[in-house]
Amino acid sequence: MDWTRLILRSEGDTSAGITYLGGVWGVPIAKTRLSDFLGQIGEVRASEGAATYLSGSIEDAESKFNLRNLVSSPVPGVLQLNVEQIAAFQRLLVELGLSGQLAQSTAVQLRNGLNHSATRFQSQTSTAGGSPTPVGGATGGTTFTNKPGMDDDDDTGVAPLQMTSVDSLLDVPGFTPEMIARLRPFVTYLPTNTAVNMNTASAEVIAAVVPGMSLSNAQAFVARRQTVFFHNVGDVQLALQGSGVTQLAIDPSLFDVTTSYFFIHGRVDHERAEVVRTTLVYRDPLTHTTRIVRVQDQL
């Protein structure tokens with residue numbers, strides 16, 4: 001964990017404002033004997049790790065569709081469903097062969113859960129254009145307030161479960177474990193609203209978040225991106241226009257070329273025991289310091 005956080009901070013210092021697939025952070029750590037790893041950093045007890053192996057990788061969490069974007073907070077104290085983000089999630093569901101009707105019910109479940117969250121209006125600062133902006137409602141788009149009685153909490157007195165990861169979709173009626181597995185490579189849940197990093201997002205996610213863009217055009221967009229990464233949102237807009245997307249359909253607040261949230265996937269093998277750990281890490285866009293948001297172990 002310390003090693004990967006050091007990589008993220010170092011790369012943030014040297015490539016400030018840009019996160020792309022060719023960065024050092026994207027190189028996985030091959031299975032390495034712990035004694036060798038500790039020896040490289042001068043640990044005197046390095047020999048004690050001769051029977052233990054480490055491996056892992058860093059994943060850009062903002063390359064995926066963030067379910068938190070389905071609900072925005074245009075002003076403090078107000079939670080609203082985001083029409084454009086619901087439409088984007090609906091397109092993604094359809095692309096993956098799932099029912100688009102689940103997008104609306106997911107957004108309602110998320111909003112109802114956030115109504116009981118102490119951090120429901122939590123925000124960060126985004127530096128997509130260099131100036132700080134509150135992320136509580138920074139994904140842009142039209143929002144609306146639900147009609148009373150349509151989708152508010154029921155009167156059972158039981159608060160809905162709060163979403164913490166893509167697995168929380170199992171709490172939404174209509175989702176199955178097989179559907180979650182289908183969505184996992186393309187969907188995540190982060191603590192705050194985020195823009196999609198167009199340097200790292202998949203064709204499926206890009207086709208979903210860009211209105212009027214077909215999957216084939218998104219695949220061509222990703223193929224061209226392999227030769228040169230985007231340095232700013234202006235580059236993204238030009239590339240989208242070159243892919244046939246009209247200027248009127250492009251909302252620059254939905255896209256970015258840098259990332260603040262990363263998943264660190266680590267594995268430890270010791271004799272017959274193994275531990276797989278996934279850690280969500282936040283990298284401050286200004287200071288590049290990192291902090292752990294949540295940790296999940298799989299034994």
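Scope of the values below: all heavy atoms of this structure, side chains included, with no hydrogens, waters or symmetry mates. What you see is a predicted model, and the numbers here were worked out from it, not measured in a lab.
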Just checking, is any N or O donor in the side chain of Arg283 or Thr19 under 3.5 Å from an acceptor N or O on the other one?
->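 Yes, side-chain donor-acceptor contact under 3.5 Å.
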Looking at residues at least two apart in the chain, or sitting in another chain, which of them share a salt bridge (Lys or Arg N to Asp or Glu O under 4.0 Å) with Arg9?
->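 Here no residue qualifies.
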Partner set under salt bridge (Lys or Arg N to Asp or Glu O under 4.0 Å) for Arg184, not counting sequence neighbours =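 For Arg184 the salt bridge (Lys or Arg N to Asp or Glu O under 4.0 Å) partners, ignoring immediate neighbours, are Asp167.
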I'd like to check [X] versus [Y] (side-chain heavy atoms, cut-off strictly below 4.5 Å). Are they in contact?
X: Val187; Y: Phe89; answer: yes
X: Asp256; Y: Met198; answer: no
X: Leu254; Y: Val196; answer: no
X: Ser260; Y: Asp284; answer: no
X: Val236; Y: Val257; answer: yes
X: Asp60; Y: Trp25; answer: yes
X: Pro285; Y: Thr258; answer: no
X: Ile180; Y: Leu169; answer: yes

For the backbone of [Y] and the side chain of [X], can you confirm whether one donor and one acceptor N or O come within less than 3.5 Å of each other?
X: Ser73; Y: Val78; value: yes
X: Asp13; Y: His288; value: no
X: Ser10; Y: Ile7; value: no
X: Asn66; Y: Thr192; value: yes
X: Arg68; Y: Val71; value: yes
X: Ser55; Y: Ala30; value: no
X: Ser15; Y: Gly12; value: no
X: Asn199; Y: Phe230; value: yes
X: Arg182; Y: Leu98; value: no
X: Arg267; Y: Val276; value: no

Between [X] and [Y], which heavy-atom pair has the shortest distance, and what is it?
X: Pro173; Y: Asp171; answer: CD-O, 3.5 Å
X: Ala201; Y: Val222; answer: O-CG2, 4.1 Å
X: Ala61; Y: Leu280; answer: CB-CD1, 4.4 Å
X: Glu11; Y: Gly23; answer: OE2-CA, 3.2 Å
X: Ser168; Y: Met163; answer: CB-CG, 3.4 Å
X: Ile86; Y: Ala103; answer: O-CB, 3.6 Å

Check against side-chain contact (heavy atoms from CB on, under 4.5 Å), Thr200 and Glu62 = CA-CA 8 Å; Thr200 57; Glu62 294 180 36; over 6 Å; no
Measure from NZ or CZ of Lys64 to the centre of the six-membered ring of Phe186 and say whether it is under 6.0 Å with the direction within 45° of the ring axis.
->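 Not satisfied by the 6.0 Å and 45° rule.
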[X] side, atom [atom1]; [Y] side, atom [atom2] - distance, nearest 0.5 Å:
X: Leu70; Y: Gln104; atom1: CG; atom2: CD; result: 9.5 Å
X: Asn112; Y: Leu79; atom1: CG; atom2: CG; result: 10.0 Å
X: Phe262; Y: Ile264; atom1: CZ; atom2: CD1; result: 9.0 Å
X: Leu114; Y: Gln109; atom1: CG; atom2: CD; result: 10.5 Å
X: Asn69; Y: Leu190; atom1: CG; atom2: CG; result: 8.0 Å
X: Thr52; Y: Glu271; atom1: OG1; atom2: CD; result: 7.5 Å

Take Tyr282 and Thr290 through the test side-chain contact (heavy atoms from CB on, under 4.5 Å) and record every step on the way to the result.
-> CA-CA 5 Å; Tyr282 174 77; Thr290 62; over 6 Å; no
Does the pair Arg33 and Tyr53 meet the rule for a side chain to side chain donor-acceptor pair (under 3.5 Å), with working shown?
-> CA-CA 4 Å; Arg33 195 186 302 270; Tyr53 295 84; 3.0 Å; yes
Would you please indicate yes or no on a ring centroid separation below 6.0 angstrom for Tyr189 and Phe263?
->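 No, the ring of Phe263 stays outside the 6.0 Å limit from the ring of Tyr189, centre to centre.
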Assigning hydrophobic clusters by single linkage (Ile, Leu, Val, Met, Phe, Trp, Tyr; side-chain heavy-atom cutoff under 4.5 Å), is [X] placed with [Y]?
X: Ile58; Y: Trp3; answer: yes
X: Leu96; Y: Val94; answer: no
X: Val281; Y: Tyr20; answer: no
X: Met1; Y: Ile29; answer: yes
X: Phe65; Y: Val108; answer: yes

Where do Phe175 and Leu183 land on the side-chain contact (heavy atoms from CB on, under 4.5 Å) test, with the steps shown first?
-> CA-CA 10 Å; Phe175 282 99; Leu183 284 169; 3.6 Å; yes
Only one of His265, Glu59, Gln296 forms a side-chain hydrogen bond (donor to acceptor under 3.5 Å, both in side chains) with Thr278, so which one is it?
->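 Output: one option passes, namely His265.
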Which donor-acceptor pairs under 3.5 Å do side chains of residues 204-219 form with protein atoms, sequence neighbours excluded?
from: Ser214; atom 1: OG; to: Ser216; atom 2: OG; distance (Å): 3.1
from: Ser214; atom 1: OG; to: Asn217; atom 2: N; distance (Å): 3.2
from: Ser214; atom 1: OG; to: Asn217; atom 2: ND2; distance (Å): 3.3

Test side-chain contact (heavy atoms from CB on, under 4.5 Å) on Leu21 and Phe229 and set out the steps.
-> CA-CA 8 Å; Leu21 291 174; Phe229 58 85; over 6 Å; no
Ser243/Arg224 under side chain to side chain donor-acceptor pair (under 3.5 Å): CA gap, chis, key distance, verdict = CA-CA 10 Å; Ser243 300; Arg224 289 193 297 270; 2.5 Å; yes
